[in-house]
Student: 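Handing you a structure now.
Just so you know, ligand 1 is whichever comes first in the structure, and atom 1 is the first atom listed for that ligand.
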Amino acid sequence: MNDVKRKTRVIALASGKGGVGKTSIAVNLSVALARADKGTLLIDVDYGLANAAIMLGVNPAFTLTDVVDGRHPFEDVMQRTEDGLLLMPGSSGELPVGTITGTDRRRIYEALQSRIDELDFVVIDTPSGMRNETMRFLTRSDRVLVVLTGEPTSFMDAYATVKLLALEHGFTSVSVIANMVDSEISGRDLFDRFHDVAARFLPSELEYLGSLPRDEHMRMAIMRKQPCVTLFPESRAAAGLRRLAHTLADQAIPPTSGGNLFFGMEHPDAPA
Ligand SMILES: Nc1ncnc2c1ncn2[C@@H]1O[C@H](COP(=O)(O)OP(=O)(O)OP(=O)(O)O)[C@@H](O)[C@H]1O
Ligand SMILES: [Mg+2]
């Protein structure tokens, strides 16, 4: 196995419940990583509401759908933003989630082979819910970042996602971000409660990546179609996002077989 040589880490965002800030975090974390000179590619696999391009102010002529349909090569569809981030835009409503086939995924992996040396991170933004297609992307990563908020529904849905990953797929590398919290202490407290429950029933290895404050600048940045870390660098949210990016970059996440699967290094695209 050649995973020792693989420098790129694949990070997939998940939540279970919708609207908890996955796409906002995926976009801003990716921009913060790129601005910290980490080669980063953000792939938006949310076909329902592909918002990452909008949040980045990119108006793509082509999307991931064109790549998986074989109409345009990956390299032509991928865009580089002003911050140096590479984006593979998703398409809104064009292709229902669940129709990306194994061949489609293989096309993505093959296109990325030539980029492995240049990329430190591939960040994958997924749709809410636990559809099979989403689970396939989550389990083909080195680490899943679960976004959690203080709402009980978010807690339960995040737990259900972590449970499904662990018990059905044997996937246990999970980091948690507590979003929209009132203070760092309440973020830590939220993670501790989540960890207590998960540690009792699941084999998952949960790590706390950190928290993000509830900050209106996040919403205002979306209205202006720019990432919060670029538009409002002085905001508390931007500071938190930069901190999360540095923590992630400093963590030396080990390569796992999930990431190997993503790059087709192990049983290319097991049907799963
Ligand atoms: N830390 C925060 N403070 C304030 N508002 C936030 C924060 N994080 C996200 N939001 C807001 O929450 C809303 C939902 O965010 P976002 O679209 O990123 O969630 P999502 O989990 O990707 O949703 P979906 O499930 O629809 O994909 C947006 O209006 C965003 O501005
Ligand atoms: Mg989203």
Student: Backbone or side chain, does any N or O of Asn51 fall under 3.5 Å from an N or O of ligand 1?
Tutor: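 So ligand 1 has no N or O lying under 3.5 Å from an N or O of Asn51.
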Student: Is Thr23 in polar range of ligand 1, meaning some N or O pair under 3.5 Å apart?
Tutor: yes
Student: Keeping the roles fixed (side chain from Arg9, backbone from Arg143), state whether a donor-acceptor pair exists under 3.5 Å.
Tutor: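 No; zero donor-acceptor contacts below 3.5 Å.
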Student: In the structure I gave you, are the side-chain heavy atoms of Arg219 and Glu216 within less than 4.5 Å of one another anywhere?
Tutor: yes
Student: If you measure from atom 17 (O) of ligand 1 to every heavy atom of Lys22, Met55, Met220, Met223, which option wins on shortest distance?
Tutor: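 Closest candidate by heavy-atom distance is Met55.
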Student: Please could you name the atoms of ligand 1 that Arg219 approaches to less than 4.0 Å, counting only its heavy atoms?
Tutor: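 Every atom of ligand 1 under 4.0 Å from some heavy atom of Arg219: 5 (N), 29 (O), 31 (O).
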Student: Just let me know how Asn179 lines up against ligand 1, side chain, backbone, both or neither, with a heavy-atom cut-off below 4.0 Å.
Tutor: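 Near ligand 1, Asn179 shows its side chain, while the N, CA, C and O stay back.
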Student: Within the 4.5 Å heavy-atom criterion, are Phe232 and Asp215 side-chain neighbours or not?
Tutor: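 Of all side-chain heavy-atom pairs linking Asp215 with Phe232, none is under 4.5 Å.
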Student: Touching ligand 1 at all, Ala237? Heavy atoms, strictly under 4.0 Å?
Tutor: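 False for this residue.
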Student: Can you confirm, on distance only, whether ligand 1 has an N/O atom lying under 3.5 Å from any N/O atom belonging to Ile25?
Tutor: no
Student: If the contact criterion is a heavy-atom separation under 4.0 Å, does Pro213 count as touching ligand 1?
Tutor: yes
Student: I need the contact type for Ile222 against ligand 1. Using non-hydrogen atoms and a strict under-4.0 Å cut-off, is it side chain, backbone, both or neither?
Tutor: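 Side chain only.
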Student: State, yes or no, whether a side-chain contact exists between Tyr208 and His195 at a heavy-atom distance under 4.5 Å.
Tutor: no
Student: State whether the shortest distance between N or O atoms of Thr126 and N or O atoms of ligand 1 falls below 3.5 angstrom.
Tutor: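 Looking only at distances, the answer is no, because the N/O contact criterion of under 3.5 Å is not met.
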Student: Any atoms of ligand 1 less than 4.0 Å from a non-hydrogen atom of Gly18? List them with their elements.
Tutor: 25 (O)
Student: Can you check whether Ser235 reaches Val229 side chain to side chain, under 4.5 Å on heavy atoms?
Tutor: no
Student: Does Phe191 reach the side chain of Leu148, with side-chain heavy atoms less than 4.5 Å apart?
Tutor: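 Side-chain contact under 4.5 Å: no.
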Student: Met218 versus Leu241: any side-chain heavy-atom pair under 4.5 Å?
Tutor: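 Answer yes - side chains close enough.
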Student: Can a non-hydrogen atom of Val20 be found less than 4.0 Å from any atom of ligand 1?
Tutor: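 It does, in that a heavy atom of Val20 comes within the 4.0 Å cut-off of ligand 1.
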Student: Number the atoms of ligand 1 from 1 as they appear, then name those within less than 4.0 Å of a heavy atom of Ser24, with their elements.
Tutor: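 Selected atoms, number and element: 9 (C), 15 (O), 16 (P), 18 (O), 30 (C).
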Student: Contact between Met55 and Asn28 at the side-chain level, heavy atoms closer than 4.5 Å - yes or no?
Tutor: no
Student: Any N/O/S atom, side chain or main chain, of Asn51 closer to the Mg ion (ligand 2) than 2.8 Å?
Tutor: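 Checking Asn51: none of its N, O or S atoms is under 2.8 Å.
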Student: Go through the steps for Lys22 and Ser128 under the test side-chain hydrogen bond (donor to acceptor under 3.5 Å, both in side chains), then give the verdict.
Tutor: CA-CA 9 Å; Lys22 278 183 311 303; Ser128 300; 2.8 Å; yes
Student: Can you find a pair of side-chain heavy atoms, one from Leu86 and one from Glu118, that are under 4.5 Å apart?
Tutor: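 A side-chain contact exists here, since the closest heavy-atom pair is under 4.5 Å.
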Student: At less than 4.0 angstrom from any non-hydrogen atom of Arg214, what atoms of ligand 1 do you find?
Tutor: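 Near Arg214, the atoms of ligand 1 are 3 (N).
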Student: Using heavy-atom distances, let me know which of Glu216, Met218, Lys17 sits nearest atom 6 (C) of ligand 1.
Tutor: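 Ranked by closest heavy atom to atom 6 (C) of ligand 1, first place is Met218.
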